[in-house]
Number of protein chains: 2
Amino acid sequence: MRPQKVLDKEIVTKLVEVFRSNGYDGASLSELAEKTGLKKASLYHRFPEGKQGMAVAVLNYLGEWAEENVFNILNDETIPPAQRLLRGLDNIRVLYSDGKNACVLRAFSLGSGLELFENQIKNGMTQWIDAFKTIGKSFGLSEGKAQKYAVRTLVELQGSLVVTKGLNDLSIFDQTLKDIESKYLNK
Amino acid sequence: MRPQKVLDKEIVTKLVEVFRSNGYDGASLSELAEKTGLKKASLYHRFPEGKQGMAVAVLNYLGEWAEENVFNILNDETIPPAQRLLRGLDNIRVLYSDGKNACVLRAFSLGSGLELFENQIKNGMTQWIDAFKTIGKSFGLSEGKAQKYAVRTLVELQGSLVVTKGLNDLSIFDQTLKDIESKYLNK
DNA sequence: GTCTATAGCTAGATAGAC
DNA sequence: GTCTATCTAGCTATAGAC
């Protein structure tokens with residue numbers, strides 16, 4: 001087999017950048033090709049399903065990253081809750097580059113992205129809520145309270161990314177994560 | 001003058017629908033024409049600046065609506081704070097159709113929309129924060145606390161719209177507005 | 001596996017008749 | 001003021017050489 005000019009993982013991480021800053025409709029194959037360093041035809045060789053296949057790869061990649069670095073940590077009952085929370089929040093900072101990166105679930109929630117990826121978006125957000133629900137219960141919250149806290153946490157996270165981007169002010173993302181932290185620690 | 005087939009205001013409200021559910025890049029002239037009931041060339045007659053001009057009209061229309069129905073009410077010091085808050089929140093429910101509508105400031109925060117309308121987005125969000133800051137002070141909060149509350153309120157509002165859409169669950173928007181309400185009433 | 005070249009279509013935008 | 005017809009540029013996607 002002829003060696004790949006660009007490794008799969010490298011390609012996907014480049015695709016991630018384009019899709020999450022432009023949304024599904026706004027991400028053009030020209031830019032996807034340019035940023036990955038491959039020609040359009042080569043991209044189609046890697047992703048026979050075309051643009052939609054690339055978007056699926058992006059969703060899967062970020063979903064797995066979040067599962068490994070956020071959900072699994074928040075859910076790991078062998079670690080004290082406070083420690084789990086802090087490590088999870090740290091990785092959330094990494095995932096969103098301290099607020100500079102958009103969330104792909106949100107970026108895909110418009111136009112044809114919403115129609116094509118409705119289920120992936122719903123499942124992704126549900127996983128976030130479930131993970132925060134688990135840690136809420138570890139902090140001693142009731143089922144109902146843990147659920148409510150978890151939804152509010154996702155709401156705050158998503159909202160902080162929107163407002164951080166809109167005002168171009170990273171302190172909003174930073175402050176929101178601190179608020180989430182103390183909400184659980186002083187529940 | 002030959003009478004307009006479609007009134008200006010009717011056109012803009014149709015443009016609003018297309019832009020906020022598709023974003024700037026995702027809104028096509030074909031759909032904008034179809035939804036307004038005008039042909040593309042007629043749309044260009046009304047908006048000589050083209051698609052960008054239509055987007056500006058949308059931003060202005062929604063900005064004026066919010067100023068009249070939300071900001072001015074929250075800022076009206078002749079009315080008791082609690083009453084102002086409830087009326088403002090009611091109109092926010094109208095603006096977003098109980099969570100079914102996206103926020104155009106967020107929809108434009110991707111791709112070329114972000115580059116073209118960076119200032120309008122920033123100014124729009126700042127107005128929201130200022131209005132909530134004013135009412136926070138009316139509720140007796142200090143300058144600093146009122147600012148922090150206001151930012152968090154906008155974060156929660158935006159986040160609730162994202163998550164409401166992603167999970168297709170209007171109760172999230174509803175609950176968030178109730179939370180905002182009690183946050184101020186029980187400050 | 002990557003490339004050049006291009007098909008087929010739709011995008012945003014315009015000319016000119018009525 | 002609205003329309004039909006059309007332009008150019010960009011889009012997603014594919015064919016076929018290497």
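Here is the naming used below: chain letters follow the sequence lines, and residue numbers restart at 1 for every chain. Treat the numbers as computed from the prediction; the structure is a model and nothing was measured.
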**Study point:** N/O (side chain, A:Ser42) to phosphate O (OP1/OP2, C:dG1) under 4.0 Å
**Key:**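 No, because none of the side-chain N or O atoms of A:Ser42 sits under 4.0 Å from OP1 or OP2 of C:dG1.
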Practice item. Would you please confirm or rule out a distance under 4.0 Å between OP1 or OP2 of D:dT2 and any side-chain N or O of B:His45? Key: no
[N] [atom2] sits how many Å from [X] [atom1], rounded?
X	N	atom1	atom2	result
B:Ile11	D:dT2	CD1	C1'	11 Å
B:Arg46	D:dC3	CZ	P	10 Å
A:Lys39	D:dC18	NZ	P	18 Å
A:Asn22	D:dC11	CG	C1'	14 Å

What side-chain donor-acceptor pairs closer than 3.5 Å can you find for residues 50-59 of chain B, not counting sequence neighbours?
residue : atom : partner : partner atom : Å
B:Lys51 : NZ   : B:Tyr24 : O            : 2.9
B:Lys51 : NZ   : B:Ala27 : O            : 2.7

Review point. Is the number of heavy atoms from other residues, nucleotides or ligands within 6.0 Å of NZ (B:Lys122) greater than 12?
Key: yes
Please list each protein N or O that sits under 3.5 Å from an N or O in nucleotides 11-14 of chain C, with the distance.
residue : atom : partner : partner atom : Å
C:dA11  : OP2  : B:Ser30 : OG           : 2.7
C:dG12  : OP1  : B:Ala27 : O            : 3.0
C:dG12  : OP1  : B:Lys51 : NZ           : 2.8
C:dG12  : OP2  : B:Leu29 : N            : 2.3
C:dA13  : OP2  : B:Tyr44 : OH           : 2.4
C:dA13  : OP2  : B:Lys51 : N            : 3.0
C:dA13  : O5'  : B:Tyr44 : OH           : 2.8

Please tabulate, one pair per line, all N/O donor-acceptor pairs under 3.5 Å involving side-chain atoms of residues 158-167 of chain B, not counting sequence neighbours.
residue  : atom : partner  : partner atom : Å
B:Ser160 : OG   : B:Glu156 : O            : 3.3
B:Ser160 : OG   : B:Leu157 : O            : 2.8
B:Thr164 : OG1  : B:Ser160 : O            : 2.5
B:Thr164 : OG1  : B:Phe173 : N            : 3.1
B:Lys165 : NZ   : B:Lys100 : O            : 2.8

Point to revise | Side chain B:Asn69, main chain B:Asn91, donor-acceptor under 3.5 Å | key: no
Review point. How long is the gap from OG1 on B:Thr13 to CG on B:Leu62, to the nearest 0.5 Å?
Key: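 If we round to the nearest 0.5 Å, B:Thr13:OG1 and B:Leu62:CG are 10.0 Å apart.
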Point to revise | Terminal axis angle for the helix from C:dG1-D:dC18 to C:dC18-D:dG1, five pairs an end, nearest 10 degrees | key: 0°
Check your understanding: Please, which pairs that meet ring pair (Phe, Tyr, Trp, His ring centres under 6.0 Å) have at least one residue in residues 52-79 of chain A, sequence neighbours excluded?
Key -> A:Phe71-A:Trp128
**Study point:** Distance-only side-chain donor-acceptor flag, A:Gln127 / A:Asn123, under 3.5 Å
**Key:**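 Per modelled atom types, A:Gln127 and A:Asn123 side chains form no pair under 3.5 Å.
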Show me the donor-acceptor pairs, under 3.5 Å and distance only, between side chains in residues 101-112 of chain B and residues at least two apart or in other chains.
residue  : atom : partner  : partner atom : Å
B:Asn101 : ND2  : B:Leu95  : O            : 3.4
B:Asn101 : ND2  : B:Ser97  : OG           : 3.2
B:Ser109 : OG   : B:Leu105 : O            : 2.6
B:Ser112 : OG   : B:Asp25  : OD1          : 2.2
B:Ser112 : OG   : B:Asp25  : OD2          : 3.1

